[in-house]
There are 2 protein chains.
Amino acid sequence: MKHGSIVMAYRRTPRMQQRIDATRAQIADAARRLVAAAGYAGTGVPDIARAAGISTGSIYRHFPSKAVLFQEVFQKASRHEIAAFAQAAQVPGTAPERLAGMVETFARRALQGRTLARALLVEPVGPELDADRRRFRAPYQALIEEVLSEGIAAGELVGQDPRITSICIVGAIVETLLGPLSEPSGCEQGSEEEDALVRALVAACVRTAGPLPLAPRSE
Amino acid sequence: MKHGSIVMAYRRTPRMQQRIDATRAQIADAARRLVAAAGYAGTGVPDIARAAGISTGSIYRHFPSKAVLFQEVFQKASRHEIAAFAQAAQVPGTAPERLAGMVETFARRALQGRTLARALLVEPVGPELDADRRRFRAPYQALIEEVLSEGIAAGELVGQDPRITSICIVGAIVETLLGPLSEPSGCEQGSEEEDALVRALVAACVRTAGPLPLAPRSE
DNA sequence: ATAACAATTGAACCGTGTTTCATTTCTTTG
DNA sequence: CAAAGAAATGAAACACGGTTCAATTGTTAT
């Protein structure tokens, strides 16, 4: 304290805030890319720092922990997917038709995304993120359940517990894609094989929903 | 070398071999019990040693690594389940009837086992065991596929890819049980709730198989 | 220019859980 | 009983990854 002149404190300026936000986004983006390439297990905090061009310690100025960082990454990544899925749910048509479109949308996008989809859907992670993954699957299930309920009310589907059925359909999709998603070149993208897989999956899911032939009104 | 008399070497005698086998079994059994109680993540090698009444290091005389130990534990545990499932597959009846029995068997046993089933079916583990788990699900899928193929040939089920359908059914079962298996007291064993769950699951799986009404012969 | 303070660095830290190994205990054989 | 060697011990070493923090660099305001 040499002299009494009060020097004003450093304040967070817009320019600085922008810089911070950019770094934060850079970290999240690097994490997303690494997870998409190496999976969750194969992505350490130092790896992310290197990929983002910053230091390990800096990560922790922007995120309190690795778990929270990935929570954000996963949520952001899944928002896109869920939006696409929700859009498919809104096309007009009978419940079975809509369901078919939804399942196909899900499957095609997952097969395109591969490793990221695998990380989101099935890759083993710690218990904290495990709960998150269930939360990630839930929106799909809810959208399916909604369509099923409407289909039942409209007499397009047999009577059933739409909640359980929707869970079954989500499980069916994930399990079917699990194999292809695990093998790097399980079935080539855009191949005949992929088409056959998706067709069979869609058919099975529609059957699970139990479409009624054509009974518009009670006899 | 005090005196020239050649003292014969120690040789592995039947008695000793029996002892070794017993210890090995003891280790595997302790591991199984601990996994059933605390899950895979919550079971360390020292824990197993303590439960088996031996030292940590001894484990490594009997198993080269923790991964191999659990491989054996999981395989042995699943043998029982698969045997029960295979038995359910052999009861006489139509394909839909048999499938219903199989699904119910699987679900009831899994809900009874809880933590062990969860460890086998869904608990996050390392990548080595991940492949094992897929191998663990495969026998169920194969048995279902077999029943489906027979049902299709017999005209009891609609035309379909039985492989994909069987994968879907396995996924449906696992996904449906995942919730209850995760929550310690999700739905009480032997409860009304459990019955409803199993009924809905069985119904959904049978629909997935696509039973045909009653068309014994082509018109 | 320089005080004040935030952001960044990266090597060290720490907890957890697996694996090792010098030592001890036990079993068999002459 | 003594020698030989396998089996068991358990404390210590190790590996791995996330997290921390003292030192440094960068930015703002006077």
Side-chain angles (χ1 to χ4, degrees), chain A residues 1-24 26-27 30-31 34-35 38-71 124-129, chain B residues 1-24 26-27 30-31 34-35 38-71 124-129:
Chain A
M1 314 336 173
K2 293 269 184 60
H3 45 80
S5 81
I6 295 165
V7 177
M8 268 299 112
Y10 174 103
R11 284 241 148 251
R12 183 171 290 181
T13 194
R15 168 142 166 40
M16 203 58 212
Q17 184 59 49
Q18 191 176 339
R19 186 175 160 67
I20 290 170
D21 292 348
T23 304
R24 189 187 167 85
Q26 226 167 9
I27 294 169
L34 286 181
V35 157
Y40 177 77
T43 305
V45 174
D47 299 325
I48 298 167
R50 208 173 313 119
I54 62 168
S55 72
T56 308
S58 252
I59 302 273
Y60 287 86
R61 177 155 305 274
H62 296 275
F63 298 92
S65 72
K66 190 194 182 190
V68 171
L69 163 54
F70 274 98
Q71 214 169 306
V125 291
E128 328 87 33
L129 292 182
Chain B
M1 315 325 179
K2 293 269 185 60
H3 46 80
S5 82
I6 295 163
V7 177
M8 266 300 109
Y10 175 102
R11 284 241 146 253
R12 184 172 288 181
T13 194
R15 170 144 164 37
M16 202 59 210
Q17 183 60 49
Q18 191 176 339
R19 184 175 160 70
I20 289 169
D21 291 348
T23 303
R24 188 185 169 86
Q26 226 167 10
I27 294 168
L34 287 182
V35 158
Y40 177 76
T43 305
V45 174
D47 299 325
I48 299 167
R50 207 172 315 117
I54 61 167
S55 70
T56 307
S58 250
I59 303 271
Y60 288 86
R61 177 157 303 276
H62 296 275
F63 298 92
S65 73
K66 189 195 181 189
V68 170
L69 162 55
F70 274 97
Q71 212 168 311
V125 290
E128 329 86 32
L129 291 183

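Chain letters run A, B, ... following the sequence lines, proteins first and then strands; every chain starts at 1.
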J.: Rounded to the nearest 0.5 Å, what separation is found between the NZ atom of B:Lys66 and the OH atom of B:Tyr40?
T.: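 Answer for the NZ-OH pair, B:Lys66 versus B:Tyr40, is 4.0 Å.
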J.: Looking at D:dT27, D:dT9, D:dA7, which one has an atom nearest to any side-chain atom of B:Ile20?
T.: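 Nearest to the side chain of B:Ile20 among the choices is D:dA7.
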J.: Figure out the CZ/P separation between A:Arg19 and C:dA7, and round it to whole Å.
T.: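 A:Arg19 atom CZ is separated from C:dA7 atom P by 10 Å.
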J.: Would you kindly give the CG-to-P distance between A:Leu69 and D:dG17, to the nearest whole Å?
T.: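 Taking atom P of D:dG17 as the reference, CG of A:Leu69 is at 16 Å.
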J.: Mind calculating the distance between NZ (B:Lys66) and C1' (C:dT19) to the nearest angstrom?
T.: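 Taking atom C1' of C:dT19 as the reference, NZ of B:Lys66 is at 13 Å.
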J.: Please give the angle, rounded to 10 degrees, between the axes at the start and the end of the helix from C:dA1-D:dT30 to C:dG30-D:dC1, where five pairs define each axis.
T.: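 Taking five pairs per end, the axes differ by 10°.
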J.: I'd like to know whether CD of A:Gln18 has more than 12 heavy-atom contacts from other residues, nucleotides or ligands below 6.0 angstrom.
T.: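 It does not: A:Gln18 CD has 12 such atoms or fewer within range.
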J.: Between A:Met16 (CE) and D:dT25 (P), how many Å, whole number?
T.: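 Computing the A:Met16:CE to D:dT25:P distance gives 16 Å.
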J.: What's the CZ-C1' distance between A:Arg24 and C:dT8, to the nearest Å?
T.: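 Distance, rounded to whole Å: 17 Å.
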J.: Whole angstrom is fine here: how far is it from CD in B:Gln18 over to P in C:dT27?
T.: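 Distance, rounded to whole Å: 13 Å.
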J.: A:Ile48 CD1 to C:dG10 C1': how many Å, rounded?
T.: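 Spelled out: CD1 on A:Ile48 to C1' on C:dG10 is 16 Å.
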J.: Output yes when at least one side-chain N/O atom of B:Thr23 is less than 4.0 Å from OP1 or OP2 of D:dA8, else no.
T.: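 Yes, such a contact exists.
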J.: Return the OG1 to CD1 distance between A:Thr43 and A:Ile48, rounded to the nearest 0.5 Å.
T.: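 Interatomic distance, A:Thr43 OG1 to A:Ile48 CD1, rounded to 0.5 Å: 6.5 Å.
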J.: Can you identify which nucleotide, out of D:dT9, D:dA8, C:dT9, has its nearest atom closest to the B:Ile54 side chain?
T.: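 Out of D:dT9, D:dA8, C:dT9, the nucleotide with an atom closest to B:Ile54's side chain is D:dT9.
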J.: What parts of residues 57-65 of chain A reach DNA chain C, counting only heavy atoms under 4.0 Å away?
T.: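 Of all residues in residues 57-65 of chain A, the ones placing a heavy atom under 4.0 Å from DNA chain C are A:Gly57, A:Ser58, A:Arg61, A:His62.
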J.: What's the separation between atom CG in B:Leu69 and atom CZ in B:Arg24, rounded to the nearest 0.5 Å?
T.: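 Reported value, rounded in 0.5 Å steps: 8.5 Å.
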J.: Whole-Å distance between C:dG17 P and B:Tyr40 OH?
T.: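 Rounding to the nearest Å, OH of B:Tyr40 and P of C:dG17 are 11 Å apart.
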J.: Which atoms form the tightest heavy-atom contact between B:Leu34 and B:Ala51, and what is the distance?
T.: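 That would be CD1-CB, 4.0 Å.
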J.: Using a cut-off of less than 4.0 Å, is there contact between a side-chain N or O of A:Ser55 and OP1 or OP2 of C:dG10?
T.: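 So the side chain of A:Ser55 is outside the cut-off, no N or O lying under 4.0 Å from OP1 or OP2 of C:dG10.
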J.: Which distance, rounded to the nearest 0.5 Å, do you find between the CD of B:Gln17 and the CG of B:Asp21?
T.: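 Here the rounded value is 4.5 Å.
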